[in-house]
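Chain identifiers are assigned alphabetically (A, B, ...) following the order of the sequence lines, protein sequences preceding nucleic acid strands; residue numbering begins at 1 within each chain. The model shown is predicted, which means the values in this text are computed figures rather than measured ones.
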Amino acid sequence: MGEDTDTRKINHSFLRDHSYVTEADIISTVEFNHTGELLATGDKGGRVVIFQREPESKNAPHIQGEYDVYSTFQSHEPEFDYLKSLEIEEKINKIKWLPQQNAAHSLLSTNDKTIKLWKITERDKRPEGYNLKDEEGKLKDLSTVTSLQVPVLKPMDLMVEVSPRRIFANGHTYHINSISVNSDCETYMSADDLRINLWHLAITDRSFNIVDIKPANMEDLTEVITASEFHPHHCNLFVYSSSKGSLRLCDMRAAALCDKHSKLFEEPEDPSNRSFFSEIISSVSDVKFSHSGRYMLTRDYLTVKVWDLNMEARPIETYQVHDYLRSKLCSLYESDCIFDKFECSWNGSDSVIMTGAYNNFFRMFDRNTKRDVTLEASRESSKPRAVLKPRRVCVGGKRRRDDISVDSLDFTKKILHTAWHPAENIIAIAATNNLYIFQDKVNSDMH
Amino acid sequence: MMLSKGLKRKREEEEEEALAVDTWWLDPGHPAVAQAAPAVASSSLFDLSVLKLHHSLRQSEPDLRHLVLVVNTLRRIQESMTPPTTLPPVPNPPAAPSVADNLLASSDVALSASVASLLEDLSHIEGLNQVPQPLADEGPPGRPVGGAPASLGALDLLGPATGCLLDDGLEGLFEDIDTSMYDSELWVPPSEGLKPGPENGPGKEETPELDEAELDYLMDVLVGTQALERPPGPGR
């Protein structure tokens with residue numbers, strides 16, 4: 001891991017613009033929309049907060065492109081399943097934006113059981129000059145009306161209205177872990193521990209089951225689905241990952257029920273690293289197609305891996321996120337930290353990948369230069385507009401001044417959710433209940 | 001930990017176990033733990049895993065991923081605690097390690113039964129759920145679908161077998177293993193040598209008579225003290 005000056009060139013231009021403190025509630029998902037203009041976060045309390053990027057202004061270049069709160073709404077409420085005597089958590093597990101097709105924005109948000117389609121519209125004009133009503137809406141005295149006028153649209157303060165357009169309920173027995181919108185923009189899929197369903201965005205009372213890995217005898221259950229995603233370009237292809245570390249690419253044209261995969265991506269276990277925890281640390285917590293559609297990115301407990309869709313035998317690249325934890329697996333098992341599910345992200349050009357870690361650290365790997373960096377998301381470590389300083393975890397041996405030792409890592413500060421702007425070097429990092437947005441401000445002025 | 005009458009765990013063994021803690025989670029094949037006896041080295045990890053399973057099963061709606069991973073890890077640990085049975089059966093009294101194998105195999109049966117029972121119940125719950133799917137089969141044929149009354153909470157659906165895991169701490173766990181040991185047809189008193197299974201068909205198990213000394217001896221084997229002190233026997 002190179003922490004020399006060359007590495008610094010990648011990241012030293014990242015400046016911290018804003019930190020938005022959400023009320024007590026832990027952020028559970030972060031997602032940019034397809035243009036990057038909007039950023040949605042979901043939290044444990046069932047709320048969705050949408051941020052919008054301010055348009056760049058020549059008059060005030062220093063505040064160009066910052067994100068401000070655009071809308072906040074309650075997406076899911078806690079529910080009670082009377083049949084099973086169980087409370088259903090309102091925590092938002094995933095948010096996915098639909099591609100924008102008109103002036104309105106739409107997104108899907110889901111908790112453990114129910115998916116909702118929300119439509120976000122703006123109102124910034126209102127009609128004025130009615131003939132029969134005055135400005136307050138009261139009926140006019142007709143004797144005072146002497147001429148006819150045509151109502152005119154006048155600007156007003158921006159009002160953002162959010163309304164639930166569809167509720168997709170009762171599709172899942174087990175907990176939903178993923179949703180993914182198809183490139184056809186008409187269908188989407190939702191995956192729980194054992195099944196994947198295909199929905200039409202306009203139809204809520206029916207869904208098609210496309211994957212079912214529930215064994216006939218539940219006592220034979222040894223594997224669950226952990227994540228799934230549609231291919232970004234081929235509407236018939238999707239991938240799902242398992243708790244055993246395998247990826248299955250499925251083709252919906254092949255059969256109605258895609259239990260039989262088209263391709264199985266699995267890396268054989270490294271015999272020198274075998275332990276009782278081998279299976280747990282191989283469990284894939286997130287899978288993401290590259291923007292190009294040619295690669296897949298997976299995250300397991302200690303690594304991120306890049307897979308080529310044309311090669312099933314092993315990943316083409318493996319990056320160590322925090323290998324120093326390999327000797328601590330026992331205590332991480334004891335504390336249940338070993339079951340933490342980290343997400344991973346591609347940058348817009350698929351050249352850099354990012355994932356979170358502990359101690360509010362997050363890591364970036366440049367696939368071309370093979371350099372990597374560890375950064376920290378915390379208010380203590382960086383002031384507004386300051387450059388992020390690379391961090392280092394030392395595992396004994398030579399220790400530099402600002403190094404953190406493995407034993408002093410805070411395992412309660414975990415960065416599970418991160419997102420990268422689809423085109424620019426802007427990243428959103430969720431650190432428990434804080435959201436950090438970092439921007440790369442490298443431009444001609446700074447060189 | 002269960003202690004037999006009048007026999008205290010020696011201090012040196014405690015220290016040995018403490019030293020083994022840092023490396024016990026490694027596979028026994030790993031060069032770093034060549035010296036550590038797997039049966040003893042893994043017992044605390046085994047206990048931890050059982051506690052985790054216990055905790056997971058206690059949730060009103062268990063996290064399936066967590067449950068499956070813990071169960072699979074527990075199975076791995078159990079497999080490592082049982083040496084591979086590659087030696088041919090010998091008509092000699094079984095030595096201590098092989099008796100330990102049988103005991104642990106019995107506990108594996110009890111554990112599997114507990115987990116199987118719960119996972120079966122999970123599929124029964126699903127039968128009650130109004131899911132608009134073409135699937136109609138829930139549970140193996142012959143079992144009533146949706147057999148659990150709707151008014152029961154999920155905890156009530158834990159089968160009687162899992163009740164053993166819900167007993168207080170480790171004593172309860174070992175009590176469970178005791179019971180299955182008595183009932184298991186795999187246990188053979190040393191005086192009788194190896195015998196084939198009971199003639200009265202599968203499902204019926206003999207209860208060999210045990211005297212107290214043999215019981216204590218078996219307890220020690222289970223806890224692992226005997227395994228440390230005795231050299232490995234000739235095997236079956």
Side-chain angles (χ1 to χ4, degrees), chain A residues 81-89 112 169-175 177 192-195 197 205-209 212 214-226 242-244 257 271-283 285 327 329-331 333-334 336 338-339 341, chain B residues 21-27 29-30 42 44-45 48-49 52 55 60-61 63-77 80 112-113 115-126 128-135 137-141 148 150-157:
Chain A
D81 182 337
Y82 293 96
L83 204 60
K84 296 191 222 171
S85 272
L86 293 171
E87 186 166 295
I88 301 169
E89 265 190 14
D112 283 339
N170 299 321
H172 288 276
T173 305
Y174 305 101
H175 292 177
N177 53 56
D192 65 31
D193 293 316
L194 299 179
R195 298 195 175 104
N197 292 338
D205 61 354
R206 180 176 350 136
S207 76
F208 293 97
N209 176 245
D212 188 340
K214 180 170 180 267
N217 291 323
M218 278 293 267
E219 61 203 61
D220 297 333
L221 181 67
T222 57
E223 196 173 6
V224 298
I225 297 170
T226 52
S242 83
S243 55
K244 287 198 169 169
L257 190 60
S272 65
N273 269 336
R274 265 193 80 216
S275 77
F276 291 122
F277 307 109
S278 292
E279 182 178 323
I280 299 179
I281 63 170
S282 74
S283 173
S285 52
S327 57
L329 292 180
C330 164
S331 56
Y333 178 66
E334 200 172 355
D336 268 351
I338 205 174
F339 299 101
K341 290 184 286 185
Chain B
V21 159
D22 286 339
T23 50
W24 51 255
W25 50 267
L26 287 174
D27 187 275
H30 195 281
S42 302
S44 44
L45 181 58
L48 174 62
S49 300
K52 279 194 179 299
H55 179 75
S60 49
E61 226 183 346
D63 177 351
L64 262 190
R65 175 182 164 261
H66 187 272
L67 185 63
V68 157
L69 288 174
V70 169
V71 166
N72 290 350
T73 304
L74 201 46
R75 285 193 180 125
R76 265 198 198 209
I77 296 163
S80 77
S112 295
V115 173
S117 171
L118 177 84
L119 292 173
E120 257 323 302
D121 291 328
L122 283 177
S123 72
H124 287 161
I125 295 171
E126 189 190 19
L128 297 171
N129 195 6
Q130 294 170 5
V131 175
Q133 288 177 1
L135 301 169
D137 57 313
E138 299 301 333
S151 57
L152 281 181
L155 272 177
D156 295 326
L157 291 167

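Side-chain atoms of B/Val68 and A/Lys244, non-hydrogen and from C-beta on, never get closer than 4.5 Å to each other. Within the 4.5 Å cutoff, no side-chain heavy atoms of B/Lys52 are placed close to those of B/Leu74.
Contact annotation for A/Ile225: neither backbone nor side-chain heavy atoms come within less than 4.5 Å of a heavy atom of chain B. For A/Tyr333, the parts lying near chain B are the backbone and the side chain together; criterion is any non-hydrogen pair under 4.5 Å. With a 4.5 Å cut-off on non-hydrogen atoms, A/Asn177 does not touch chain B at all. Heavy atoms of A/Thr222 lying under 4.5 Å from chain B belong to its backbone as well as its side chain. No part of A/Ser331 comes within reach of chain B, as not one of its non-hydrogen atoms sits under 4.5 angstrom from that chain.
The NE2 atom of A/His172 sits 10.0 Å away from the CZ atom of A/Arg195 when rounded to the nearest 0.5 Å. To the nearest 0.5 Å, atoms CD (A/Glu89) and CD (B/Glu61) are separated by 9.5 Å. With rounding to the nearest 0.5 angstrom, the CZ atom of B/Arg65 is 10.5 Å from the OG atom of A/Ser242.
Other residues, nucleotides and ligands contribute only 12 or fewer heavy atoms inside 6.0 Å of the CZ atom of A/Phe208.
Interface check for chain B: of the options A/Ile338, A/Asp193, A/Asp336, the most heavy-atom pairs under 4.5 Å are formed by A/Asp336. Between chain A and the options B/Asp63, B/Leu69, B/Val70, the largest number of non-hydrogen pairs under 4.5 Å is found for B/Leu69.
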